[in-house]
Amino acid sequence: MLRPLIEKEVKDLLRDPRIWVPILISFLIFPALGYAQSSLILRESVEAFTRELSVEVQYIGQSPDLDAFSSILSNFFALSNIKIAPKGSFPEKADALLIINATSIRDLLSGGRVSAYLVYTLSTSTTMGEEVTQRVSRALTEASRTYLLSAMNLAALANSITAPSITSYIPYIEERKAIIGGIGPGDIAFLLLAALMIPIIVTIIIFLILQYSATSMAIENEEKTLEILFSMPIPRWSITMAKLTASAIIGGLSVLGFVTGFIIYQNMIMESVRGGTQAVNITISTPITGAPIPAEIQDLLRIHLGNYSVARIVDLIMPSLSSIAILAVYIIEVTILAGVLGIIIGGMSSDVRMAYTISGSLTPPIIIFAIAAFYLDPQRVPGWLLLTNPLTGTILYSRIAFSGLSPGPEIYLYLAVSGAVVAVLIYLSGRMLSLETLERARRGAWGIFKRRRIT
Amino acid sequence: MSEHSVIVDKLVKIYGGSVRALNGISFKVDRGSIYCLVGPNGAGKTTTFRILSTLILPTSGDAYIEGYHVVREASRVREIISYLPEEVGTYRNISGLEYLSIVSKIYFKGREAEEVLERGIKISGLSEKDLARPMKQYSKGMKRRIQVARALMILPKVAILDEPTAGLDPVQKAEIRRIIKSYSKSYRTTILLSTHEMGEAEDLCERVSIIDKGYIIAEGSVSDIIASQGARNLEEAFLKLVSR
Ligand SMILES: Nc1ncnc2c1ncn2[C@@H]1O[C@H](COP(=O)(O)OP(=O)(O)OP(=O)(O)O)[C@@H](O)[C@H]1O
Ligand SMILES: [Mg+2]
């Protein structure tokens with residue numbers, strides 16, 4: 001008896017073009033973000049750092065060191081892809097004009113500095129400008145330093161003077177009792193996004209399902225097909241269950257779309273970061289190398305940290321199997337919750353517009369709940385408050401799962417309580433499924449509305 | 001078992017504590033006949049049918065379908081009736097054929113469900129091509145035909161049809177009436193039907209209750225009612241009765 005009802009729901013659902021819009025959006029949102037980030041922002045900054053600059057150089061004053069200095073400078077300009085423009089090029093044909101006080105070059109040897117002025121065109125329409133100053137001043141600094149070292153016969157000490165110390169960073173994750181080895185900037189982005197992903201997906205799915213099940217129920221009201229269902233020899237709960245199945249399918253499809261889109265996004269970002277890093281040959285942040293930690297350092301770490309393990313960033317992102325299972329139960333619960341809420345709203349709505357209005361007005365509270373659950377510190381909030389209902393429970397637990405935390409056994413109690421909340425709602429919605437109750441509820445809701453309007 | 005398929009006894013329905021939709025109506029319907037409730041807008045026809053279809057509860061009074069009480073034995077009643085709501089619509093994205101098939105599978109299994117579906121297709125009179133189209137593309141007449149076929153194909157003991165021809169053009173009205181008549185002849189199902197069109201009542205109904213403001217103001221065969229009012233046709237008799 002449930003099968004034909006599910007068949008009806010699913011066929012009616014999958015052929016409804018409206019439901020594909022949100023699923024498509026779920027799928028496209030991350031690749032679109034990735035495209036914007038990688039090909040517009042990253043490429044532009046990569047280009048800014050790699051494109052050929054042309055700079056007109058002019059010296060003022062006299063100095064015997066001028067020839068030596070200017071040849072070193074032009075070497076460093078060449079390394080940075082900066083072309084020296086002929087006299088009179090700036091501003092029409094050159095990006096910048098570098099004016100160097102030639103007499104100050106000699107000051108280097110007595111503790112002074114090379115003084116220079118950089119005039120450059122600042123464009124309001126692009127991000128250009130900052131790169132020009134950075135690249136030119138870095139080249140000038142390198143050139144001055146090299147000139148100084150060679151003038152003082154210290155060329156052999158070049159490295160020690162330019163980078164006199166090296167610190168290896170060892171990040172420690174307390175909850176996991178692990179240090180991280182082998183991390184790159186892309187990995188960090190991935191870690192942050194993974195924790196962000198599930199709450200976004202969940203919030204969107206809640207809206208989708210709420211609206212879908214509310215409108216599908218309202219349409220049944222409007223078209224009187226609900227009366228037909230009620231006059232048929234079918235149990236009330238099977239009507240609810242059929243609608244909830246449809247809700248779960250939209251939920252599943254959206255998750256699938258999101259995950260696929262996210263994987264594509266992930267690849268785009270990784271590619272562009274890698275490409276960008278190679279092209280510029282600069283590191284975006286200080287890399288933490290996976291180089292082995294010497295034994296004596298390890299011993300020292302053990303004294304401080306106890307028995308620690310070395311984790312890769314991927315291990316931290318990957319929640320444990322039990323965490324995934326718990327999260328899945330939460331997601332199923334929240335899907336059903338949204339479906340049930342939709343059924344109640346739709347049942348009480350005499351038409352689709354009313355269903356939209358009511359489910360729309362539920363949007364702000366749901367968003368507030370979701371944001372609250374997302375920003376609260378999982379270690380500080382009382383778990384029973386947020387984890388005993390499927391809405392905030394899903395969002396908070398996804399953060400717990402993806403940040404490598406593992407909650408105590410009380411999580412199963414919370415899970416059971418939130419399951420019971422959903423079960424009660426299913427039961428209530430089943431009780432509501434009678435023409436008379438729905439009408440009474442509708443009158444009740446309108447009554448409240450009217451009273452409020454009079455006062 | 002009595003020869004009455006439907007027994008309605010002093011049915012009262014008060015909506016929301018104040019609207020008296022039914023004021024104690026009683027009537028009996030012979031098995032296998034077409035029985036009509038005829039009355040103006042707001043008379044209480046739909047209210048009566050909703051109570052008989054187990055959708056709403058009467059405030060007081062009793063009603064039985066084939067001996068089953070519509071409140072106490074509602075699930076039994078649901079097994080043997082089918083209900084056509086007034087101004088009924090359809091599911092948008094499902095084809096007529098799929099809809100009939102789904103309904104047949106709600107009531108029956110396997111071979112039996114297939115037979116029911118075959119019958120539904122025949123009753124609807126729609127072409128194979130039309131049956132395969134999603135119902136949102138159907139005209140009002142086609143939708144109504146599918147719904148009438150849906151209600152009748154399962155061979156209910158009692159079919160409750162609330163204004164089955166309302167809102168259709170004369171050709172479609174005649175077509176729906178023809179379907180109901182020929183079905184009644186073939187299967188001898190008890191049919192309860194409401195209308196406010198006198199021509200339709202004269203054409204279809206064996207017995208008629210004239211209902212107004214929640215009271216039955218006349219009951220009998222069409223010719224009895226015309227004769228009792230000394231009128232030329234049912235319309236005249238109806239207007240005389242209602243204006244009293
Ligand atoms: N859900 C409801 N709540 C309150 N009053 C109602 C409700 N449904 C019907 N009524 C009232 O009950 C009375 C009978 O209505 P009903 O729908 O049974 O009439 P009807 O004979 O079917 O009319 P129509 O020919 O317009 O369909 C009307 O006065 C109507 O306003
Ligand atoms: Mg009516």
Side-chain angles (χ1 to χ4, degrees), chain A residues 1-20 212 215-239 241-243 246 347 350-352 433-447 450, chain B residues 13 15-17 19 46-47 49-59 65 70 74-95 97-109 113 134-136 143 146-147 150-151 154 156 158-160 162:
Chain A
M1 205 148 287
L2 189 55
R3 280 251 310 270
L5 282 178
I6 291 178
E7 180 187 341
K8 180 209 94 189
E9 291 297 338
V10 171
K11 280 188 173 159
D12 204 24
L13 163 79
L14 292 182
R15 293 178 193 157
D16 187 341
R18 286 173 315 164
I19 79 126
W20 294 105
Y212 176 77
T215 49
S216 102
M217 197 72 180
I219 289 173
E220 296 240 26
N221 251 337
E222 216 175 315
E223 300 277 311
K224 303 268 169 71
T225 47
L226 195 60
E227 289 186 32
I228 295 176
L229 287 181
F230 287 161
S231 72
M232 282 178 171
I234 41 180
R236 306 285 107 144
W237 61 263
S238 65
I239 299 175
M241 290 317 284
K243 293 223 175 284
S350 43
D351 55 51
V352 175
L433 285 189
S434 102
L435 223 51
E436 210 145 16
T437 324
L438 290 176
E439 274 190 16
R440 216 177 297 137
R442 207 175 298 160
R443 261 203 306 277
W446 276 114
K450 271 184 199 152
Chain B
K13 176 68 188 181
Y15 284 112
V19 183
T46 300
T47 303
F49 282 1
R50 280 180 165 179
I51 293 172
L52 292 176
S53 311
T54 76
L55 298 176
I56 60 175
L57 299 170
T59 308
I65 304 249
V70 294
S75 54
R76 278 298 171 72
V77 170
R78 287 179 192 140
E79 283 168 15
I80 55 172
I81 60 156
S82 60
Y83 174 54
L84 180 80
E86 68 184 328
E87 313 252 285
V88 66
T90 51
Y91 296 104
R92 292 176 53 77
N93 305 308
I94 299 177
S95 74
L97 185 66
E98 283 168 335
Y99 182 50
L100 294 181
S101 157
I102 286 165
V103 172
S104 72
K105 282 185 274 183
I106 287 176
Y107 285 87
F108 299 99
K109 282 198 176 74
M135 290 192 281
K136 66 178 163 208
K143 285 182 189 168
I146 279 289
Q147 284 294 8
R150 187 273 306 161
I154 58 160
V158 178
I160 300 169
D162 196 357

Using every non-hydrogen atom in the two residues, find where B:Y83 and A:I228 come nearest and quote the distance to one decimal.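 Smallest interatomic distance, heavy atoms only, reads O-CG1, 4.1 Å.
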Considering all heavy atoms, the nearest A:L435-B:L55 contact: CB-O, 3.7 Å
Which one of B:K105, B:R76, B:K136, B:E87 has the most heavy-atom pairs closer than 4.5 Å to chain A? B:K105
Taking it one step at a time, do A:E223 and B:Y91 satisfy side chain to side chain contact (heavy atoms under 4.5 Å, CB included)? CA-CA 8 Å; A:E223 300 277 311; B:Y91 296 104; over 6 Å; no
Is B:R92 atom CZ crowded by more than 12 heavy atoms from other residues, nucleotides or ligands, each under 6.0 Å away? no
Measure B:I160 against the heavy atoms of chain A and call it side chain, backbone, both or neither at under 4.5 Å.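 No part of B:I160 comes within 4.5 Å of chain A.
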Interface moiety of B:S95 toward chain A, non-hydrogen atoms closer than 4.5 Å: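 Backbone of B:S95 only, per the 4.5 Å heavy-atom cut-off to chain A.
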Side-chain donor/acceptor of B:R78 to backbone N/O of A:F230, under 3.5 Å: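 A pair under 3.5 Å: yes.
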For the pair A:E227 and B:R50, evaluate salt bridge (charged side-chain N to carboxylate O under 4.0 Å, His left out) and give the outcome as yes or no after the intermediate values. CA-CA 9 Å; A:E227 289 186 32; B:R50 280 180 165 179; 2.6 Å; yes
Say you draw a straight line from [atom1] of [X] to [atom2] of [Y]; how long is it, rounded to the nearest 0.5 Å?
X: B:E98; Y: A:D12; atom1: CD; atom2: CG; answer: 9.5 Å
X: A:K224; Y: B:E86; atom1: NZ; atom2: CD; answer: 5.5 Å
X: B:L52; Y: A:S231; atom1: CG; atom2: OG; answer: 12.0 Å

At a heavy-atom distance under 4.5 Å, which candidate from A:K11, A:K8, A:E7 has the highest pair count against chain B?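 It is A:K8.
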Turns out that what part of A:L229 lies under 4.5 Å from chain B's heavy atoms comes down to side chain
Under 4.5 Å from a heavy atom of chain B, the part of A:E220 involved: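 A:E220 touches chain B through side-chain heavy atoms alone.
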